[in-house]
Number of protein chains: 2
Amino acid sequence: MSETIEQKCLSKGVKLTDQRRIIAKVISESKKAYGESDHPDVDELYNRVSKIDPKISIATVYRTVKLFEEAGILTKHDFKSGKARYEINDDHNHLIDIKTGDIIEFVDEDIEELQKKIASKYGYKLVDHKLELYGIKIDKKNE
Amino acid sequence: MSETIEQKCLSKGVKLTDQRRIIAKVISESKKAYGESDHPDVDELYNRVSKIDPKISIATVYRTVKLFEEAGILTKHDFKSGKARYEINDDHNHLIDIKTGDIIEFVDEDIEELQKKIASKYGYKLVDHKLELYGIKIDKKNE
DNA sequence: TTATTTGCAAACGGTTTGCCGATTA
DNA sequence: TAATCGGCAAACCGTTTGCAAATAA
């Protein structure tokens, strides 16, 4: 994560406001502060933002994440929950524990390669992809 | 597609009604009648069902596809449209044309293998997976 | 100053549900 | 017959939007 969200906004011409800075900060810190697999949905984002500035409305949070997504700064995920989750644009995939909801991030070069190959086989240039694995923990002794 | 949806209902103890039979029929035929890449959303399903029996309500369509999904007969997809699509449970992936919305189905053994390997690498047994590729057609001469 | 953004509350759209009469096994 | 289902309309819930006041550049 070389560049902050704020820096990306500047370079992409996205105007910064106090609200947007706070939302950007919360998203950036959601990894460090809550661990690797923290994927807050919009509502949870709003809760965290509210603790910093309770006057920010949820409409602003929605507008901001959408804006950041359109600017290519964030990526939207849906998983199997009905609620949207946003995270910093970074090419990784997700392994989701169907029992606990835990989310593990992973990258795999071989899969990336295969995906490109498949797309081109059908005459397409790959521009985006989504890979979600759902699994249950293999128990070692107890669980 | 060896077994019909009706047969699957019987073997899974799902009670059959006229409405469910019609909905099952429409889903089964959505491939043959409309071509390989026909993935009707619930609303479109309802439209087609209505032509056979206009008295069937959309609530019944929703209840039925959900029931079939829970019985493991259908699989739900969301793609990037906000509307749910259901299709017969069959392990394939999707390549979506981001310009036209065309959907191409594909299966790839190598990818399946890799996915299992990755899951087990993290201590998980793979129980489900979702792979969506989004691409644009490579133009050959014109388009 | 001028365009853009925000907060509020109302609207939206896909999906679910409570009620009760109708239908299935 | 006993249990389940289906139709209707209202509720639900995540998300979007119109408006007027506030703010960024």
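Looking only at side-chain heavy atoms (C-beta outward), A/Ile103 and A/His77 stay at 4.5 Å or farther from each other. The shortest distance between side-chain heavy atoms of A/Lys51 and A/Val26 does not fall below 4.5 Å.
Remark: side-chain polar atoms of A/Ser28 are paired, donor with acceptor, to backbone N or O of A/Ala24 under 3.5 angstrom. A/Ser120 places no side-chain N or O within donor-acceptor distance of the main-chain N or O of A/Gly123, the cut-off being under 3.5 Å. Judged purely by atom type and a 3.5 angstrom limit, B/Arg20 uses its side chain to pair as donor or acceptor with the backbone of B/Lys15.
The line from NZ of A/Lys25 to OG1 of A/Thr4 is 12.5 Å long, rounded to the nearest 0.5 Å. Between the CG atom of B/Leu67 and the OG1 atom of B/Thr64 there is a distance of 6.5 Å, given to the nearest 0.5 Å.
The interatomic distance linking A/Lys83 (NZ) with C/dT15 (P) rounds to 17 Å, in whole Å. If you take OH of A/Tyr86 and P of D/dG14, they are 14 Å apart, rounded to a whole angstrom. A/Tyr46 has its OH atom 17 Å from the P atom of D/dC13, to the nearest Å. Straight-line distance from the CD1 atom of B/Ile23 to the P atom of D/dG6: 7 Å, rounded to whole Å.
Distances shorter than 4.0 Å separate some side-chain N or O of A/Lys66 from OP1 or OP2 on D/dT16.
The stretch residues 55-63 of chain B touches DNA chain C through B/Ala59, B/Tyr62, B/Arg63, each having a heavy atom within less than 4.0 Å of the strand. Listed by residue number, A/Lys15, A/Thr17, A/Gln19, A/Arg20 are the residues of residues 12-22 of chain A with a heavy-atom contact under 4.0 Å to DNA chain C.
If you check the side chains of A/Glu132 and A/His94, you find no donor sitting under 3.5 Å from an acceptor.
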